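Every chain is numbered from 1, with letters handed out A, B, ... down the list of sequences. Being a predicted model, the structure only gives us computed values, none of them experimental.
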There are 2 protein chains.
Amino acid sequence: MSSKRVLTDRASALPALAEAFREHGFEGATLATLSKATGLGKGSLYNFFPGGKEEMMDAVLENIDGWFANAIFSPLEQVLDPAAAITGMFDDVTAYFRSGQRVCVVGCLGLNSAGEAFAAKVKGYFARWISALTHCLEVGKVPPALAADLAEEAVSGIQGAIVLARALGAEASFQRIVQRLRSSLLDAIVRYG
Amino acid sequence: MSSKRVLTDRASALPALAEAFREHGFEGATLATLSKATGLGKGSLYNFFPGGKEEMMDAVLENIDGWFANAIFSPLEQVLDPAAAITGMFDDVTAYFRSGQRVCVVGCLGLNSAGEAFAAKVKGYFARWISALTHCLEVGKVPPALAADLAEEAVSGIQGAIVLARALGAEASFQRIVQRLRSSLLDAIVRYG
DNA sequence: TATCGCTTGTACCTATCGGTACAATCTTTT
DNA sequence: AAAAGATTGTACCGATAGGTACAAGCGATA
């Protein structure tokens with residue numbers, strides 16, 4: 001059971017690590033920050049993540065990706081009711097990003113040179129999201145070319161909504177933008193479905 | 001003339017500083033980085049910017065804001081031909097952000113805690129952009145409520161396009177998204193104008 | 001309860017951080 | 001050309017960065 005316990009404790013530190021990286025970015029999050037955020041001393045941190053900050057961020061990305069795969073990507077990929085799946089996606093995403101007050105770690109990593117080490121994971125995350133959403137729209141009888149366009153627009157639009165809502169300090173902006181995106185996708189399904 | 005020369009040299013360092021901040025972010029850009037980027041030693045840097053990194057970023061923001069005011073905001077605010085102004089805006093923005101390969105310093109600052117010191121400027125930048133674009137659409141006879149929505153969607157959409165294009169390493173994504181936004185605004189003007 | 005191995009806090013390391021001091025240079029003015 | 005001022009590189013500062021070493025502490029097995 002000891003090997004399981006290591007896993008458990010390592011995993012239980014991930015939410016706090018993710019929150020610290022979210023707030024301060026990869027460069028801005030110091031070991032002192034991470035230690036305080038998790039309640040773990042440096043010793044424990046390096047025990048669980050021998051690779052240091054980079055391994056911590058890697059684990060956080062893995063964890064986030066797992067959450068999205070489960071809560072967002074899979075439902076879209078194995079969709080039965082496209083309209084319901086899309087509505088669910090926007091609801092989950094709005095809750096997850098706290099209407100834009102909570103930043104997207106993955107998106108932020110792509111923006112500066114500090115995130116280059118994680119480029120593949122960042123790319124994979126967005127690529128899978130768009131492809132899952134495209135698939136869902138196609139199941140809703142939306143023509144493939146339009147489906148791909150709408151999916152790209154939606155995923156990109158959510159990221160933009162986060163940037164704008166943070167900049168303006170306005171959750172309402174996020175909600176308006178996301179609602180418009182949702183309507184746009186649902187309209188396409190209604191039109192072709 | 002000496003006071004002018006100070007201004008000139010300080011100003012001439014701004015593009016290099018902006019590029020360094022763009023690439024590494026505020027925290028990630030060290031004084032060594034900034035020194036190398038500008039070709040100025042620490043002494044000169046602190047001679048021109050006694051307030052250190054923070055004053056440098058402040059000056060960079062001022063500079064960026066000035067560029068946008070001149071190239072983007074003013075044409076929208078004093079618009080005669082709304083359709084042409086909007087087309088011009090998207091062209092200029094696409095060139096400025098190098099189809100999304102070049103990050104928006106202002107948007108990035110809003111994303112993590114390091115940028116809190118600049119929150120007012122960040123907010124002002126986006127607020128003015130949205131309000132200028134709203135005005136332009138209204139001149140194009142688009143109803144005010146819809147104009148505000150479309151403007152918010154466009155500005156937010158551009159930011160999202162940058163995030164996505166960087167993450168995917170795909171300029172094509174940026175161009176598709178921006179073209180769709182442009183069409184959406186032009187359509188509204190055609191419909192109501 | 002003695003032992004074993006995982007876990008943890010503390011002390012410590014070097015490199016580099018942002019920033020300062022200042023003497024040596026240029027420029028400019030006269 | 002000489003004085004005055006602006007500009008610059010270099011040396012240096014304390015603080016803190018990420019990371020390592022390691023002895024004490026801990027819970028499980030026997």
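- Distance B/Tyr46 OH to C/dC22 P: 17 Å, rounded to the nearest Å.
- Taking the six-membered ring for Trp, B/Phe174 and B/Phe97 have ring centres at least 6.0 Å apart.
- In this structure, NZ of A/Lys42 is placed 9 Å from C1' of D/dT16, rounded to the nearest angstrom.
- For A/Lys53, the listed nucleotide lying nearest its side chain is D/dG19; candidates were D/dT7, C/dG18, D/dG19.
- Counting to the nearest Å, the P atom of C/dT20 and the CG atom of B/Asn47 are 13 Å from each other.
- If you check the side chains of B/Gln175 and B/Ser99, you find a donor sitting under 3.5 Å from an acceptor.
- Here D/dA17 presents its C1' atom at 13 Å from CE of A/Met56, a figure rounded to the nearest Å.
- Between A/Phe49 atom CZ and D/dG18 atom C1' the separation is 16 Å, expressed in whole Å.
- Phosphate proximity of C/dT7 to A/Ser44: absent, as no side-chain N or O sits under 4.0 Å from OP1 or OP2.
- Rounded to whole angstrom, the span from the CG atom of A/Leu45 across to the P atom of D/dG18 amounts to 11 Å.
- Whole-Å rounding puts the A/Asp9 CG to C/dT8 P distance at 6 Å.
- Counting heavy-atom neighbours within 6.0 Å of A/Lys121 NZ, excluding the residue itself, gives a total above 12.
- The NZ-P distance, from A/Lys36 to C/dG9, rounds to 15 Å in whole Å.
- Between B/Tyr125 and B/Trp129, the angle of the ring planes goes over 60°, which puts this pair in the perpendicular group of the 30/60° scheme.
- Residues A/Gly52 and B/Gly39 both approach DNA chain D. Their nearest nucleotides, taken by heavy-atom distance, put B/Gly39 toward the 5′ side.
- When the nearest nucleotides of DNA chain D are assigned to A/Gly43 and A/Leu31 by heavy-atom distance, the more 5′-ward of the two goes with A/Leu31.
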